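Reviewing the structure listed below.
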Amino acid sequence: MELTQHLDVTPDEFFDILEENVLSDIENATGKQVNPAHLQGYRYTKKVANGRHQVPMKVKIKHFRRPAVYEARFTYGTGTNTIRYELEPSENGGCDLTYTEEFVPTTPQRGLVYRLTRMNYDRKLQARAKQTISSIEKAVRERRKNNEIAARKAQEIEQE
C-alpha cells in the first residue's frame, strides 16, 4: 500500500515527532534510552497485544536518515510488516510525504478468501496510516502553538 500526501509541516518538524515516538517506543519496550544517532539499524523486541495475550514483536529500524527517510520492519508470528516514510520539502512550503506499508505473511496465502481479506486489511492500513500522519501533523501544530506562547511570555517578561 502506498499513500502520497502534502503536509503543512516541514520535514524537520515531522521527524522531530517521529523520532520522539520511536525513542519512546524503544524505552518503553527495553527500558533503555538510545541516542538518536544510533537509530539506523537498531533492533529491539517488544510485546504487543494479540487478543487477550501479549506476543513478542521484533523491530528493526532499517533506515533513519533525518529528515528524509524512516523505515522499520516489524516481525511477529503471522508475518512481517514494513513501513516507510519518505519526505521531501515542497516548493509551496511544508513537505510531500510518501508512506508505504507492506505485509508479507509467514505462510503464503492464495485464493478468493485471502484476496477479500487482504482488500479489507489494506483499507484498514490506509485508514490507520492517514490517522497516524494526521496525529503527527497535529502534534507539530500544537508544538508550534506552545512555542509561540512561550516566546510571547518570555517577551512580556523581558519588557517588564
Side-chain angles (χ1 to χ4, degrees), residues 1-88 94-144 146:
M1 188 256 327
E2 184 172 301
L3 173 68
T4 303
Q5 191 171 333
H6 176 78
L7 306 177
D8 290 326
V9 300
T10 67
D12 281 315
E13 290 173 320
F14 187 91
F15 260 81
D16 285 345
I17 302 296
L18 186 61
E19 180 179 281
E20 288 172 14
N21 289 340
V22 170
L23 293 172
S24 176
D25 189 53
I26 291 170
E27 187 172 359
N28 289 337
T30 67
K32 297 177 184 176
Q33 291 186 344
V34 177
N35 183 325
H38 299 125
L39 287 176
Q40 174 93 10
Y42 194 83
R43 297 171 188 251
Y44 63 103
T45 301
K46 68 182 198 173
K47 298 275 187 185
V48 295
N50 183 9
R52 295 182 192 161
H53 306 320
Q54 295 282 317
V55 296
M57 174 189 292
K58 293 179 182 179
V59 181
K60 179 181 180 190
I61 301 171
K62 294 176 72 175
H63 300 283
F64 194 89
R65 207 170 57 244
R66 268 188 84 87
V69 178
Y70 168 74
E71 182 176 341
R73 181 179 64 216
F74 305 89
T75 304
Y76 39 98
T78 57
T80 300
N81 199 28
T82 303
I83 64 167
R84 182 178 178 93
Y85 293 89
E86 288 184 70
L87 292 144
E88 291 187 23
C95 65
D96 295 318
L97 166 72
T98 301
Y99 174 88
T100 54
E101 185 163 348
E102 178 185 22
F103 176 74
V104 178
T106 303
T107 56
Q109 305 288 316
R110 296 185 188 11
L112 179 62
V113 172
Y114 171 71
R115 283 193 301 258
L116 292 173
T117 303
R118 186 60 191 234
M119 285 174 37
N120 186 41
Y121 177 77
D122 286 345
R123 224 177 11 261
K124 287 180 182 178
L125 277 182
Q126 190 165 23
R128 190 186 75 227
K130 286 180 178 180
Q131 181 181 11
T132 299
I133 293 164
S134 177
S135 295
I136 292 173
E137 267 190 303
K138 182 180 177 185
V140 168
R141 284 192 300 273
E142 287 177 14
R143 180 170 288 171
R144 283 178 185 166
N146 291 339

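Just so you know, these numbers use all the heavy atoms, side chains as well, and skip hydrogens, waters and symmetry mates. Computed from a predicted structure; not experimentally measured.
Residues V140 and D8 fail the side-chain proximity criterion, which asks for heavy atoms closer than 4.5 Å. Looking at V59 and Y42, their side chains never come closer than 4.5 Å, going by heavy atoms from C-beta outward. Contact annotation: the side chain of I136 never approaches that of L7 to less than 4.5 Å [non-hydrogen atoms, C-beta and beyond]. Side-chain contact between I61 and I26 is present, with heavy atoms from C-beta onward closer than 4.5 Å. The side-chain heavy atoms of K46 and N28, taken from C-beta on, include no pair separated by under 4.5 Å. Residues R66 and D16 meet the side-chain proximity criterion, which asks for heavy atoms closer than 4.5 Å.
For Y85 and F14, the gap between ring centers is short of 6.0 Å.
Here the straight-line distance linking atom CE of M1 with atom NZ of K124 works out to 14.0 Å at 0.5 Å rounding. Summarising the geometry, atom CG belonging to D122 is positioned 9.0 Å from atom CD belonging to E101; distances are rounded to the nearest 0.5 Å. Annotation: the span from I83 atom CD1 to R73 atom CZ amounts to 12.5 Å, rounded to 0.5 Å. Residue K58 holds its NZ atom at 9.0 Å from CZ of R43, rounded to the nearest 0.5 Å. A distance of 8.5 Å separates CZ in R84 from NZ in K62, rounded to the nearest 0.5 Å.
Shown here for P67 and L87, the closest heavy-atom pair between the two residues is O-CB, 3.7 Å.
In terms of modelled atom types and a separation under 3.5 Å, the side chain of H6 and the main chain of C95 share a donor-acceptor contact.
Y76 is linked by a ring-ring contact (aromatic ring centres under 6.0 Å, His included) to nothing, counting only residues two or more places apart in sequence or in another chain. Annotation: salt bridge (charged side-chain N to carboxylate O under 4.0 Å, His left out) contacts of E88 (sequence neighbours excluded): none.
Of the residues listed (E13, E20, E137), the one engaging R143 in a salt bridge (charged side-chain N to carboxylate O under 4.0 Å, His left out) is E20, and it is the only one.
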